[in-house]
Amino acid sequence: MSVLLTPPGPELRLLVSLAAWTWTGTHPDGREAAHILLTHAPALAGPVTAETADARIRRLSISLGGLAGAREVIPELERCLQIVGDQVLLHVPGVSRRLRLPTHRPWTELVAHNGEAVLLLGLDPLPQSADAAQADAYLGATLAADRLLFGRARTR
């Protein structure tokens with residue numbers, strides 16, 4: 001009998017292989033909302049299969065409190081966003097370092113005002129070099145294929 005041990009949470013290696021985008025948008029009720037998209041960046045991760053990347057992103061979701069699919073109620077996650085000056089950091093339980101998110105002043109101010117951001121985890125890879133049009137196309141394709149997980153990341 002053999003036993004395969006896997007870490008219970010995401011490893012630091014996953015955090016450094018993530019690609020991140022931030023933007024402002026609207027809630028279904030019309031309020032302004034901050035958004036964060038995290039995906040697996042193929043160039044940074046080295047030789048990783050699609051199944052491995054999917055499993056790592058799903059383990060990240062579990063560590064953050066369990067994100068939901070598009071057709072489910074979007075869960076409110078534990079406090080995992082921290083604003084330090086003009087930076088916004090994502091804290092993942094079980095990982096010693098925080099992920100610095102790409103920010104711009106209006107987005108950071110919106111996160112501070114609302115106390116939250118909509119967090120999207122993409123189960124398919126997207127390179128960090130993707131521009132806004134490519135990220136938008138990615139969101140459309142992954143949403144249609146049910147390959148996005150959603151949660152509400154809070155600052156308080």
Judged by atom type as modelled, is there a donor-acceptor pair below 3.5 Å linking the side chain of Thr39 to the main-chain atoms of Leu18? no

Not counting sequence neighbours, which residues clear side-chain contact (heavy atoms from CB on, under 4.5 Å) with Ala70? List them please. Leu143, Phe150

Drop me the distance from Glu72's CD to Leu67's CG, to the nearest 0.5 angstrom. 10.0 Å

Yes or no on side chain to side chain contact (heavy atoms under 4.5 Å, CB included) for Arg58 and Leu121, after CA distance, side-chain angles and deciding distance? CA-CA 9 Å; Arg58 288 184 187 278; Leu121 294 183; over 6 Å; no

Output the distance between atom NE2 (His113) and atom OG1 (Thr108), rounded to the nearest 0.5 Å. 14.5 Å

Taking all non-hydrogen atoms of both residues, which atom of Ser129 and which atom of Gln134 are closest, and how far apart? O-OE1, 4.1 Å

Under a 3.5 Å distance rule, please check whether Ser63 uses its side chain to pair with a backbone N or O of Val92 as donor and acceptor. no

Working to the nearest 0.5 Å, report the span between CG of Leu60 and NE2 of His40. 10.0 Å

What closest approach, in Å, do Glu32 and His27 show between heavy atoms, and which atom pair accounts for it? O-CD2, 4.0 Å

Crowded around His104 NE2? As in, over 12 foreign heavy atoms under 6.0 Å? yes

Side chains of Ile36 and Trp23 in contact at under 4.5 Å (non-hydrogen atoms): no

Can you find a pair of side-chain heavy atoms, one from Asp54 and one from Arg147, that are under 4.5 Å apart? yes

Tell me the closest heavy-atom pair linking Gly69 and Leu149, and the distance in Å. N-CD2, 4.2 Å

How long is the gap from CZ on Arg152 to SG on Cys80, to the nearest 0.5 Å? 11.5 Å

To check you understand the geometry: which heavy-atom pair defines the closest contact between Ala20 and Gln128, and what is its length? N-OE1, 3.0 Å

Passes side chain to side chain contact (heavy atoms under 4.5 Å, CB included), His91 versus Gln82? Steps please. CA-CA 7 Å; His91 170 69; Gln82 180 181 8; 5.8 Å; no

Leu148 and Val118: same hydrophobic cluster, using ILVMFWY side-chain contacts below 4.5 Å? yes

Neighbour count >12 (heavy atoms, 6.0 Å) for atom CD, Glu78: no

For Leu119, which of Ile74, Leu37, Leu64, Leu81 qualifies under side-chain contact (heavy atoms from CB on, under 4.5 Å)? Leu64

Ignoring hydrogens and geometry, is there a side-chain-to-backbone donor-acceptor pair from Trp21 to Asp131 under 3.5 Å? no

Which residues satisfy the salt bridge (Lys or Arg N to Asp or Glu O under 4.0 Å) test with Arg105, sequence neighbours excluded? Glu109

Membership question, hydrophobic clusters at under 4.5 Å side-chain separation (ILVMFWY): are Val95 and Val88 in the same one? yes

Exam field: side chain Arg100 to backbone Leu89, donor-acceptor pair closer than 3.5 Å: no

Where is the tightest heavy-atom contact between Ala34 and Val111, given as atom of each residue plus distance? CB-CG2, 3.5 Å

For the student: nearest non-hydrogen atoms of Tyr138 and Leu123, plus distance: OH-N, 3.9 Å

What's the separation between atom CG in Leu38 and atom OG in Ser61, rounded to the nearest 0.5 Å? 11.0 Å

Counting distance only, does the side-chain N/O of Thr22 pair as donor-acceptor with the main-chain N or O of Pro102 below 3.5 Å? yes

Report yes or no: does Arg79 contribute a side-chain atom to a donor-acceptor pair with the main-chain N or O of Thr155 at less than 3.5 Å? yes

Quick one: does any side-chain atom of Asp29 pair with a main-chain N or O of Arg31 as donor and acceptor, under 3.5 Å? yes

Quick one: list whatever passes side-chain contact (heavy atoms from CB on, under 4.5 Å) with Ala112, sequence neighbours left out. Ile83

If you round to the nearest 0.5 Å, how far is CG of Leu120 from OG1 of Thr142? 8.0 Å

Check whether any side-chain N or O of Arg154 sits under 3.5 Å from a backbone N or O of Leu77 as a donor-acceptor pair, and report yes or no. yes

